[in-house]
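Here's the structure we're looking at; comments come further down.
Chain naming here is simple, since letters A, B, ... match the order of the sequence lines and numbering starts at 1 in each.
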Amino acid sequence: MQKIRSAAQEMSVPETTGAGPSLSERALGQAPYMESLNPEQREAIESLDGAVLVLAGAGTGKTRVLTTRIAHILGTHKAHAGQILAVTFTNKAAREMKARVGNLIGGVVEGMPWLGTFHAIGVKIIRSHAELVGLRPGFTILDTDDQVRLLKQIIKAENLDEKRWPARQLASYIDGWKNRGLAPDKVPDGEAFTFANGHGQDLYRIYQTRLKDLNAVDFGDLLLECLRLFQEHPDVLASYQQRFSYILVDEYQDTNVAQYLWLRLLAQGGGNICCVGDDDQSIYGWRGAEVDNILRFDTDFPGAKVIRLETNYRSTGHILGAASSLIAHNESRLGKTLQTDADDGEKIMLQGCWDHDEEARVVGEDIEQYQRQGHRLNDIAILVRASFQMRAFEDRFVTLGLDYRVIGGPRFYERQEIKDAIAYLDVVMNPDNDLKFERIFNTPKRGLGDATLQLLHTHARSQAIPLFLAARAVAETEELKPRARTALAELLKQFESWRGLSESMVHTELAELVLDESGYTAMWLADRSPKAEGRLDNLKELVRFMEEFPSLPEFLEHVSLVMDTSSDDGADKISLMTLHSAKGLEFDAIFLAGWEEGLFPHQRHLDETGQAGLEEERRLAHVGITRAKKRAKITFTQNRLMHGSWQTATPSRFIDELPEKHVEVVEAAQSYGGYGMSRFDEKQASFASQYDTPGWQRAQRRHQGGHKTKRGPATIEGELVASSAAPGSGFSVGERVFHQKFGYGAICTVDGNKLIVDFEKAGRKRVLDSFVDRH
DNA sequence: TTCAATCGTCTTTTT
DNA sequence: GACGATTGAA
């Protein structure tokens with residue numbers, strides 16, 4: 001922990017300010033951004049010509065190499081910003097890279113127009129050549145919901161059994177094909193057969209045709225259509241090949257086949273390509289990433305230079321040693337040996353727990369202790385394999401009054417209410433966006449059902465016009481029942497009025513107006529479920545966020561491509577996330593929870609992809625451990641609640657793959673496990689002093705704020721406590737009781753040991769008498 | 001057309 | 001155990 005490391009070697013800190021170049025460096029004409037690089041990093045930055053693969057292990061300064069390389073190209077005037085293509089996977093990575101390049105070359109950079117995600121750059125290219133791939137310029141980008149809705153229609157239209165052949169599954173097949181760069185006619189026969197007895201390929205073809213009719217693309221198309229454009233129009237390809245004299249790729253181990261083909265086409269113009277990645281951190285195989293891309297880089301790009309970055313500037317010796325030994329169990333890897341100058345530091349701690357509640361309790365205690373030692377919550381993260389594991393931790397932190405943030409998780413734009421709101425706005429701007437129109441056509445309920453929709457579809461198809469126009473036509477006729485007809489006419493009238501206002505009105509005001517007049521806000525106001533309040537908040541948040549955009553169309557283009565809103569409020573909070581979303585991050589202290597067979601490695605991943613799956617899970621473990629700078633603790637439980645029933649769990653095989661010399665086992669304390677600890681814990685919680693702490697009060701406020709779902713205040717093992725504390729019998733109607741989860745309430749009926757209680761906060765519930773206490 | 005009850009599913013999720 | 005999707009009754 002008392003690490004001695006020169007500040008200049010600290011890779012994780014963006015090089016913002018600081019001392020300028022030394023006198024000698026200035027005398028040598030050394031650029032300031034080249035300071036304090038190790039020889040391998042320097043080589044990776046200076047090898048500008050030809051193909052270069054930088055194998056950058058965890059914490060070896062990967063991002064720094066990429067950004068410095070860009071700065072170097074610019075600084076030596078090899079190319080100007082518009083000639084550099086730099087691709088990342090996430091918007092976040094793109095933003096960060098932009099900021100860091102800006103810092104390196106001194107503030108004002110005219111933007112790097114071609115620095116962005118694969119998809120963002122794909123759209124940009126397709127937009128400039130839309131007509132060449134059969135699209136009109138203003139084409140829309142479908143999200144997953146739209147995609148599935150469209151596929152469902154197609155499946156239905158083909159008279160296939162929707163249940164036997166779910167649209168969702170077809171969507172994932174199509175995604176898979178697109179990831180591999182396969183157009184409908186290229187799909188291997190065998191695979192096309194796996195869906196709907198050979199209809200798979202047809203359905204895919206029909207889907208593509210429908211997309212063109214709708215003037216729309218899905219995410220996969222952003223690459224696939226780009227590929228097709230390049231293949232069918234060599235002149236277009238050539239122009240881009242000439243434009244991009246330097247290509248840089250981040251996280252190359254995550255590229256799929258389509259992305260690889262795309263890059264190869266662009267690089268073939270003699271372009272200089274530099275890919276940075278780490279085969280040991282490839283964890284998105286299930287999303288189409290091909291580790292093979294990185295494994296056979298030098299055959300794809302003959303004469304490629306491979307540079308290994310093996311000096312880790314992040315973790316202490318024990319942590320790095322454990323991670324390296326673990327990943328050495330994988331067979332298909334290029335092989336790197338990470339080294340550090342750092343001290344050994346603390347060993348990785350390992351602790352077994354009775355169940356997930358105790359696991360959360362143990363972690364919570366450790367965190368409180370760590371905090372007492374003067375560390376910040378911001379430096380702590382909990383990494384889990386699956387998101388359902390998060391709940392136990394959230395519950396525990398709420399009771400302890402520890403602030404936390406969930407990273408990843410259900411994203412803002414994925415929420416139902418946000419998608420609905422955006423659908424409304426989209427239809428205002430694009431009346432021919434059928435899928436969005438369909439989404440909100442009966443939301444809120446306005447008496448327009450399946451029958452009406454079918455009628456509109458028939459019309460639309462026979463006339464080859466968008467649904468919205470078909471709706472207008474149908475509303476003029478007598479085909480609908482009066483009630484539906486009025487409702488439809490009213491909706492259309494509203495849209496036309498909004499559309500008219502969109503010319504003059506400020507877009508945020510228009511959004512509020514649309515949400516109000518459509519009855520959408522009212523729908524949630526009328527909803528008594530606990531979630532409704534949060535949804536209304538989200539809608540307000542959406543409008544607030546829109547202010548950052550000059551106009552509605554620009555906002556809509558943004559949301560179709562950028563699915564994240566990183567709201568980092570800077571407050572001191574524990575981070576809670578899945579192992580997948582932890583890639584690229586680092587923390588002083590890391591808790592790795594739930595290392596049990598079946599959960600981690602995940603059984604289903606193993607079943608589906610066998611050995612390769614196991615290796616990917618192991619890479620995930622490696623990613624997890626290497627997130628830690630100073631401390632890491634692994635926990636596992638002996639009993640886990642899976643799909644509603646308790647399972648006995650065995651420790652993960654990965655645990656036994658860690659060398660003993662790097663691990664310290666924390667013996668389970670006697671009071672841990674089962675009833676003893678639970679009761680002890682409960683007594684603690686009932687001391688008055690507990691209620692006076694700021695943390696408790698924070699927790700209380702949070703409960704009242706309505707953020708909690710029906711689970712109610714997250715008291716732990718309420719069941720164990722209650723069952724041992726309250727011998728069941730003799731409750732009477734009207735009696736006031738307290739329930740661990742639902743709070744206070746009055747008994748409504750008694751039926752043996754079953755009670756129906758009207759709770760003050762949670763409403764009417766059926767509970768067992770052993771779960772409540774007299775009050 | 002709508003609502004309530006039942007059924008089936010349940011890893012990860014950059015765009 | 002919990003959620004979403006689908007079914008069947010009003």
Side-chain angles (χ1 to χ4, degrees), chain A residues 87-95 116-123 141-144 147-148 152 162-163 166-169 172 175 178-179 217-223 250-251 253-256 258-259 281-289 383-391 407-411 413-414 416 442 444-453 480-481 483-484 487 529 531 558-564 566 577-584 594 598-609 613 616-617 619-620 623-624 641-646 709-711 719 741:
Chain A
V87 277
T88 64
F89 277 84
T90 64
N91 291 296
K92 192 172 151 218
R95 275 196 304 270
T117 63
F118 277 101
H119 297 267
I121 289 170
V123 187
I141 302 163
L142 263 50
D143 62 21
T144 326
Q147 199 183 351
V148 171
K152 205 175 264 180
E162 290 173 84
K163 285 204 210 86
R168 221 158 255 296
Q169 198 186 345
S172 71
D175 271 350
K178 288 187 175 177
N179 283 336
V217 293
D218 64 18
F219 278 124
D221 284 339
L222 295 179
L223 282 158
D250 190 18
E251 307 277 19
Q253 77 282 354
D254 288 338
T255 50
N256 60 35
Q259 287 158 338
Q281 292 189 64
S282 162
I283 55 176
Y284 283 104
W286 51 275
R287 272 220 125 190
L383 273 38
V384 296
R385 173 67 241 264
S387 39
F388 77 86
Q389 293 174 262
M390 291 186 188
R391 180 181 279 173
I407 297 188
R411 280 162 308 186
Y413 291 117
E414 309 250 292
Q416 182 194 342
N442 195 29
K445 304 265 186 313
R446 47 173 74 88
L448 298 171
D450 227 24
T452 314
L453 187 59
L480 282 170
K481 298 214 180 77
R483 197 167 345 158
S529 76
K531 280 184 188 163
H558 176 86
V559 294
S560 64
L561 222 49
V562 178
M563 298 300 278
D564 68 331
S566 54
M577 66 191 97
T578 63
L579 286 160
H580 284 90
S581 28
K583 193 172 66 156
L599 177 59
F600 189 42
H602 201 281
Q603 193 58 48
R604 196 159 151 188
H605 198 181
L606 261 41
D607 291 345
E608 283 169 8
T609 43
E616 182 157 311
E617 294 281 307
R619 290 193 290 268
L620 204 44
V623 167
L641 197 54
M642 295 283 276
H643 312 317
S645 59
W646 286 97
T709 53
K710 53 202 85 69
R711 261 176 75 84
E719 308 180 6
K741 285 181 181 162

Decide if the gap between the ring center of A:Trp286 and the ring center of A:His580 is smaller than 6.0 angstrom.
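When the ring centroids of A:Trp286 and A:His580 are compared, they turn out to be within the sub-6.0 Å range.
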
Identify whether a stacking contact exists between A:Phe118 and B:dT15, where the ring centres must be under 5.5 Å apart and the planes under 30° apart.
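Base of B:dT15: not stacked against A:Phe118.
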
Report yes if a donor N or O on one partner sits less than 3.5 Å from an acceptor N or O on the other, where the partners are the side chain of [X] and the base of [N]; otherwise report no.
| X | N | value |
| --- | --- | --- |
| A:Arg287 | B:dT13 | yes |
| A:Arg385 | B:dT12 | yes |
| A:Arg168 | B:dT9 | no |

Please determine, for the side chain of A:Trp286, which listed nucleotide (B:dT11, B:dT13, B:dT14) has the closest atom?
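Selected nucleotide (nearest to the side chain): B:dT13.
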
Out of B:dT14, C:dT6, B:dT11, which has the shortest distance to the side chain of A:Tyr284?
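Among B:dT14, C:dT6, B:dT11, the one nearest the side chain of A:Tyr284 is B:dT14.
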
Report yes or no: does A:Glu616 contribute a side-chain atom to a donor-acceptor pair with the main-chain N or O of A:Gly285 at less than 3.5 Å?
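Checked: pair present.
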
Which atom of A:Phe118 lies closest to which atom of A:Thr255, heavy atoms considered
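Closest approach of A:Phe118 to A:Thr255: CZ-CG2, 3.8 Å.
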
Given B:dT15, is OP1 or OP2 found less than 4.0 Å from the side-chain N or O atoms of A:Thr88?
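For B:dT15, OP1/OP2 do not have a side-chain N/O of A:Thr88 under 4.0 Å.
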
Can you see if the side chain of A:Thr578 gets near the phosphate of B:dT13 - specifically, an N or O under 4.0 Å from OP1 or OP2?
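Looking at the OP1 and OP2 atoms of B:dT13, one of them is under 4.0 Å from a side-chain N or O of A:Thr578.
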
Mind checking if A:Lys445 touches a base, just sugar-phosphate, or nothing, with heavy atoms under 4.0 Å?
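Sugar-phosphate: the residue A:Lys445, judged by heavy atoms under 4.0 Å, touches backbone atoms but no base.
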
